[in-house]
Amino acid sequence: MLIDFFYTLKKAQLPVTVKELLVLLEALEKQVVFASIDEFYQLSRLCMIKDEKHFDRFDLAFGHYFHDLAMIEDFESFLIPHDWLKPDWIKQLSDEEKAQIEALGGFEKLMETLQKRLEEQQKKHQGGNKWIGTGGTSPFGHSGYNPEGVRIGGESRHNRATKVWEKRQFKNLDGRAELNTRSMKMALRKLRKFARTGAADELDLASTIKSTAENAGLLDLKMRPERHNAVKLLVFFDVGGSMDYHIQQCEELFTAVKSEFKHLEYFYFHNCVYEKLWKDNNRRWQENISTWDVMHTFGSDYHVMIVGDAAMSPYEITENFGSVEHMNEESGLLWMQRLTNQWKKMVWLNPVPEEYWSYTHSTQIMRKLVNQQMFPLNLNGLQDAIDSLAK
Amino acid sequence: MTKFTGSEKYVATDDLQLAVNASVTLQRPLLIKGEPGTGKTMLAEEVAAAMGKKLLSWHIKSTTKAQQGLYEYDAVSRLRDSQLGDAKVHDIKNYIKQGMLWQAFNAEEQVVLLIDEIDKADIEFPNDLLVELDKMEFSVYETGETIKAIHRPIIIITSNNEKELPDAFLRRCFFHYITFPDKKTMEAIIKVHHPELKKNMLNAALEVFFEVREVPGLKKKPSTSELIDWIKLLVADDIPIEALQNKSIKEAIPPLYGALLKNEQDVHMLQKLAFMMRRQG
């Protein structure tokens, strides 16, 4: 009755419900397909999955359930965000360290440890010698050095002929699952104030009655502007470097805002806003957009949220050519001033708890630059930020 | 029952056929997503034609309300008529205008109903249609009558992914994502539109097309409909096959590129690429 299959999908964190399972069973009963695993794959995907971003996870779970993926560890590996495994830097190890790795034991022990660590680990990790991530000497992850290591991500281990679900052609459509965004949604909903703008196209009954009465009973229609969701939001995300630890929180916020707004644009930056922004973090050096263009495109009626930890060297803000990554001809300070001049409604959300802000000089500079409108990235802080925007 | 297997003008992949047939058999709406230009809207037309059913299209705009799909009550003209003493004012039915859903429910035989680009409407729009699509009935408040579908229509809904659709709505639909066709499917599609095209010409054109799609950073990648238009132009202008063969797009911009690239920044990008290649070469 496919109940195990259903639970496998559930375990893969796919949003499936009993109703969808019943539909699938109904379809099987009516013999929409029969006796073909490929057709069953298509049918079950059609019934159970409602968003292409879940296709990849479904493919894996399906393969897992039908015992066609060679190893159970593959099933676990997709729970690691792919981003953790990008080779940001490669570390050369000493002979001593290499010797340590040799001592870690056989393959099976490695797999066992991997599963245990997957359960323990919560964040992206680089370097170090225990957690999974890139570089470093842990036996798990890639681009590091460990002769016995297990590669996660990167190229496929099996090159044999693949079944449809093993092709995993939807891999790049996979977004983060929507986790714990409910409370954030609740707060963000407040942003959807119903501004009365636009053309008059709704009958105003009260004033029609009034003016008809004044007109001695002759009909006199009064119209009023219709309500609609008019809030426009622009979000800048800080990625890379010190922000990697906060990436999960940021992505939760991002998932939440994406579905709430009609006018929502987001851009990425690193540490401080300079002359370039980008929309796809994987292609940030190829596809970026001039900050001037962004400022010219989005009018001053946009509300702006900046998400970042504002933790950097003070020179990255105050000095020309201060950026750690490139030669910025104009200082971050100047760019931040331009942004605040353009958008009066601007808040900064900081994932670092508020009590630590005073220890970082750059955080204080930033806070001053955004007119003290810096709030911690938790529910209360978000609420305050929204109140400040909606004022 | 007839099974949908594509048509002379429309190439449907196996999984798309299965999706259509499942939604026809189980009488549930089918939600179609996919890159622009992969034939989402055309699907409904072709399903209707292939099954010999009438097609009703409801095109959604940002101002469309769910209620408009059911019916609209024109209170204003009734009020006016009452002041002018018109006789038809006594029957409220004269002022109720049927929407697309009503027409589909009331049709003598089963019809295909296309709800096109549902994501253009307000966020709440799909939620307002939940019961109507589930039970296929609704009541008219003004007259008190209940409209129930005589034959449950085949409903095809398209979305361009501009907004996320609510879960409750998604649970009531079948979902199919039209992937970008691979080279073999693409060949079949071109064959359907240009049966007279020579094999080597087709290959050359496809190669250029897929190469253009590979160019990093294009704002709008050319899709199936652009390819078909482009080939139409190539044939009409009698472009010799040599113009397409053995040339990387990096060396020369393809002829009549305006049909493939709709964005001047993309054209500019291609020109820059070609310029850089020449300089290096």
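Below, each value reflects all heavy atoms present in this structure, side chains not excepted, and no hydrogens, waters or symmetry copies.
For B:Lys183, the NZ atom sits in a packed shell: over 12 heavy atoms of surrounding residues, nucleotides or ligands are nearer than 6.0 Å. At most 12 non-hydrogen atoms from other residues, nucleotides or ligands lie less than 6.0 angstrom from NZ of B:Lys97. A 6.0 Å sphere centred on OH of A:Tyr7 holds no more than 12 heavy atoms belonging to other residues, nucleotides or ligands. The number of heavy-atom neighbours closer than 6.0 Å to NZ of B:Lys135, taken from other residues, nucleotides and ligands shown, is 12 or below.
Separation of atoms CG (B:Leu26) and CD (A:Glu29) is listed at 10.0 Å; rounding is to 0.5 Å. Note that the CD atom of A:Glu39 and the CG atom of B:Asn21 stand 10.0 Å from one another [nearest 0.5 Å]. In this structure, CD in A:Gln42 is found 9.5 Å from CD in B:Gln17, a value given to the nearest 0.5 Å. In this structure, the separation between CG on B:Leu79 and OG1 on A:Thr208 is 9.0 Å, given to the nearest 0.5 Å. A:Met48 contributes atom CE, which lies 15.0 Å from atom CZ of B:Phe175 (distance to the nearest 0.5 angstrom). Note that OH of B:Tyr177 and CZ of A:Arg45 are 10.5 Å apart. Values are rounded to the nearest 0.5 Å.
Contacts with chain A were tallied for B:Arg80, B:His176, B:Arg172; B:Arg80 has the most, counting heavy-atom pairs under 4.5 Å. Of all the listed residues (B:Asp167, B:Leu31, B:Leu170, B:Leu30), the one sharing the greatest number of non-hydrogen pairs under 4.5 Å with chain A is B:Leu170.
Between A:Asp51 and B:Lys33 the shortest side-chain heavy-atom distance falls below 4.5 Å.
Remark: A:Asp204 engages A:Arg224 in a salt bridge (charged side-chain N to carboxylate O under 4.0 Å, His left out) (not counting sequence neighbours).
In this structure, chain B has heavy atoms under 4.5 Å from both the backbone and the side chain of A:Glu26. Looking at A:Leu46, both its backbone and its side chain come within 4.5 Å of chain B, counting heavy atoms on both sides.
A distance-only check finds a donor-acceptor pair linking the side chain of A:Lys50 to the backbone of B:Cys173 [under 3.5 Å].
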Should B:Phe174 and A:Val23 be marked as a side chain to side chain contact (heavy atoms under 4.5 Å, CB included) after you check the CA-CA gap, both sets of side-chain angles, and the distance that decides it? CA-CA 9 Å; B:Phe174 282 122; A:Val23 171; 3.7 Å; yes

